[in-house]
Amino acid sequence: MSTTTAVPEARILKPLRRGAPRWLAWAGYGAVVLVVLIFAVSSSAFLTPGNISATLNQAAVFAVAGFGLAVVIITGGDDVVNGGIDLSVGAVAGLAGTVAAVAAGTGMQPPSAIALALLMSVAAGIINGSAVAIGLRPLLATLAMMGIAGSLNLVISGNVKVPLTGTTFEWLRDGRVAGLPVAVAVMLLAFAVVGLAMTRTTWGIRSYAVGQNPTAARVAGLNPVRYVFVSYIISAALAGVAGILLASRLSSAVPGLGDQILLDIVLVAFMSVVFSRRLVVSLGGTLVAALFVAALTNGFTLLGVASQWVGAAKGVLILVVLAVVAVRGRGTAR
Amino acid sequence: MTTDTQHTTNPRDDNSPDTSPGSRTTPPTSRISGEPRRFRADVVLPRLIAPVVLAGILLAFSALSPVFFSSDNLLGVLNQAAILALVAIGMTVVVRAGGIDLSIGVALDLAALAAAAAIAGGYRPWVALTIGLAFGLTVGLVNAALIVLLRIPSFMATLSVWFIGTSVQQLLTGGGAPIYLQKSQVPDGFALWGNGAVLGIPIPLVFAVLVAAVVYLGLDRTRWGRELTATGEQRTASRISGKRVSWLAVSAYLLGAALAALGGVVLASRTYAFIPASGQLYVMDAIGAVFIGATLSRFGRASVPGTLVGVLIFALLANGMNLIGLSFFWQGLARGVALLVVLLLAILLTRTTRVPVIPPALRRLLAPSTARS
C-alpha cells in the first residue's frame with residue numbers, strides 16, 4: 001500500500017491516466033510478436049499454413065468461451081471476489097458437448113442436437129443470472145453451477161467418452177468457410193457480433209457503465225440487474241458454442257474436460273487486460289490472448305518442451321498480467 | 001416451528017418504539033447494544049437456514065437408510081469429513097482476512113506428495129510431517145508474497161499458483177504418476193495419523209476438532225483474530241488505525257496453507273498413497289462450506305463453527321447418497337444445489353421477512369403524519 005500516497009499526486013498531474021506508463025499498452029503486443037518470432041526462428045514448422053490453421057483452431061474454443069466470460073467481467077466489474085466472474089463456463093462447455101454427442105448418438109438430427117445443447121447452456125446461464133440478480137455473489141453462484149453442470153455431465157455421459165459422429169460435426173471439424181476452418185469462422189463471427197454489440201450498441205455501452213460503476217449507472221436510470229442477468233446468459237450460450245466446437249474437434253465429448261478448459265478460459269479473459277489501451281478486460285484483447293495462448297502451447301509442443309511446463313508458463317503469464325494490473329494502480333485504496 | 005411463532009408475536013413490540021416519533025433517540029441505542037430478547041425475523045431466520053438444512057439432511061437420510069443414523073456410520077462420516085474440515089478451516093481464516101485461496105488444493109497436494117515421498121524414501125514419520133508442512137507453507141509464502149508484496153488480487157494470484165503448482169506436481173512426479181506406499185513398509189507412526197484412533201475416536205477427527213477449537217479461539221477470542229477480521233472488512237481503516245495489515249494477511253495465507261498441508265499429510269497417511277490433483281476436489285467444497293457457514297453470521301462473516309456446519313452438510317450429503325445407492329455422479333449436483341439453496345434462501349429470507357414486519361410499521365408511521373397534517 002506504499003503507492004497510495006503517490007497515486008493522488010499522479011492523478012493531479014495527469015488526471016486521465018491511472019498510473020500505467022504509456023508504453024505498457026504496447027508491451028503486450030510486443031510480447032506476442034517476440035514469442036511468435038522466437039518460435040518461428042527455432043521451429044521451421046511453426047509458420048507453415050497447416051500449423052497456423054491448427055493453432056487458430058485450438059484458439060477458437062478458448063476465444064469463443066472467453067468472449068462470454070469477458071462480457072460477464074465487463075458488465076459485473078473486474079473485482080473478482082465481488083464483481084463479475086463465471087466459473088461455470090468450463091463445465092457448461094463440457095455439458096453442451098456431451099448433450100450434443102448423446103443427443104446425436106440417439107439418432108437426433110445434428111441441428112436439433114446442437115439446439116438442445118445450446119438450450120441446456122442457456123438454461124444454466126438463466127440460473128446463474130437469476131441467482132446473481134437475486135443477490136448471490138457471482139463467484140458462489142457460478143461455483144455451484146460448475147458443480148451442477150459437471151455432475152450432470154457425468155450423469156448424462158456415464159463418465160465415458162461419447163463419440164460425436166455425423167456429417168455436420170465432421171464439417172464443423174474439417175470444413176471450411178471462405179477458406180477458413182469452420183471453428184475459426186465461428187470465432188470471428190462471435191467476435192464480430194459480440195464485439196459490435198458491446199461497443200456499438202446502447203446495450204453494450206450501458207453494460208460497460210454498469211460494470212465500471214453500478215451506483216452511478218443506477219443513478220443515471222439504468223437497471224444494473226438486467227444487464228448483469230443478460231451477461232450470464234451470453235456467457236453460458238457462448239460457452240455452449242465453444243463446447244460444441246471442442247467436441248466436434250475431438251470427435252467426441254470427453255467428461256472432465258470442462259474443468260481443464262476453465263482455467264484457460266479464465267486466463268484468456270483476464271489476459272485481455274494487457275492488450276487493451278486502458279488496461280481493462282476487452283473482447284479484442286480476449287481474441288489476441290486466445291491466439292497468444294494457443295500459439296504458446298503449440299510452439300512449446302513443436303519445440304518438444306514437456307507439456308507440464310506449459311501449465312507453469314500459463315501461471316507465470318497470469319502473474320505477469322497481474323503485475324501489469326498492479327502497475328495500473330488499481331485497488332490501492334481498498 | 002418455534003421461530004415462526006416468535007416472529008409473528010414479536011415484531012409488534014419490536015417496532016413500536018421505533019415508529020413513535022417522540023422517542024426517536026432511544027431505539028437506536030438499544031438496537032446497537034443488541035439485547036437478546038429483541039427478535040428480528042430478517043436477522044435471525046436467514047441464520048437458521050444452514051442448521052435447518054443440515055437437520056433436514058440428517059432426517060431425510062435417516063428415514064431413507066437404516067444404516068445412516070448409526071453411531072458407526074456417523075463417526076465414519078466425521079472421519080471422512082476431517083480432511084475437508086482442516087482445509088475449510090484454513091479457507092475460513094483466509095476469507096476472514098478478506099481474501100480467497102484457490103491454491104489451497106495445491107498446498108494439500110504438495111504436502112501429501114512430500115510426505116509420501118519422504119516415507120517412500122525411508123525417512124521417519126516426523127521428518128515426513130515436517131517436509132510436508134514445509135512444502136505446504138512454501139505455497140502459502142508464495143501466495144503471501146504475490147498478494148502482499150505485488151498487491152495482486154488474491155483470487156488471481158492463487159489461481160496462477162494453482163496453475164504453477166499443478167505443473168510443479170507433475171514435474172516432481174514425472175508426469176503425474178501416483179506414489180503408492182507398501183502398507184508393510186509404512187512406519188506405524190505415519191500410518192497412525194490417517195488411520196489410528198484415540199479412545200475410539202479416529203485421529204484425523206481429533207486433529208480436525210483440535211484445529212477447529214484453536215482456530216475458533218484464535219479468530220474470535222484473541223487480538224490477532226479481531227485485527228484480522230477488521231483488516232478483512234475494512235482494510236484501509238485498519239491500516240490507518242495502525243494495524244499491521246500486511247503481516248495479518250501474511251499470517252492468514254500461511255495458516256491457510258499450513259492447515260491444508262496438515263490435511264494433505266493426513267490424506268497421504270490415510271490412503272497410503274499420493275494421487276496427483278486430489279487436492280483440487282477439496283478447494284471448491286471448502287469455499288462452499290465457508291460461505292454456507294457465513295450465512296450463520298449476522299454480518300455474513302466466515303466463522304469456524306459455521307464452516308463446520310457447511311462441511312457436515314457436504315459430508316452427510318455424500319455419505320447419505322452413497323448409502324441410498326446414488327452414484328457419485330450425482331454428488332456434484334447435490335452439492336451445487338445445496339450450496340445454491342442455502343445461499344439463496346439466506347438472501348431471500350433477509351429480504352422477504354421484512355415484508356410482514358414493515359406493513360404494520362408503515363401503517364403506524366403514516367397514521368401520526370396524516371393526523372398532524
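Computed from a predicted model, the values in this text were never measured in an experiment. The analysis underlying the following values was restricted to heavy atoms, covering all of them including side chains, and did not include hydrogens, waters or symmetry mates. Order of the sequence lines fixes the chain letters, A, B, ..., with proteins taken first and strands second; residue numbering starts at 1 for each chain.
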Could you report the tightest heavy-atom contact between [X] and [Y], atom names first, then the distance?
X: B:Ile313; Y: B:Ala50; answer: CD1-O, 3.7 Å
X: A:Met146; Y: A:Leu87; answer: SD-O, 3.5 Å
X: B:Thr295; Y: B:Ala346; answer: CG2-CB, 3.7 Å

Between B:Leu339, B:Leu171, B:Thr166, B:Val161, who has the most heavy-atom pairs with chain A when the cutoff is under 4.5 Å?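 Between B:Leu339, B:Leu171, B:Thr166, B:Val161, the count favours B:Leu171.
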
Look at B:Leu159, B:Leu146, B:Ile164, B:Ile287 and state which one has the largest set of heavy-atom pairs under 4.5 Å with chain A.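 Greatest number of close heavy-atom pairs with chain A: B:Ile164.
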
Portion of B:Gln331 that has a non-hydrogen atom of chain A nearer than 4.5 angstrom: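 For B:Gln331, the contact with chain A is made by the backbone alone.
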
Quick check for you: among A:Ala141, A:Pro255, A:Gly158, which has the greatest number of heavy-atom pairs under 4.5 Å with chain B?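 Going by pairs under 4.5 Å, I would pick A:Gly158.
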
If you measure only the distance, is there a donor-acceptor pair under 3.5 Å linking the side chains of B:Asn143 and B:Thr158?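 Distance-only check fails for B:Asn143 and B:Thr158.
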
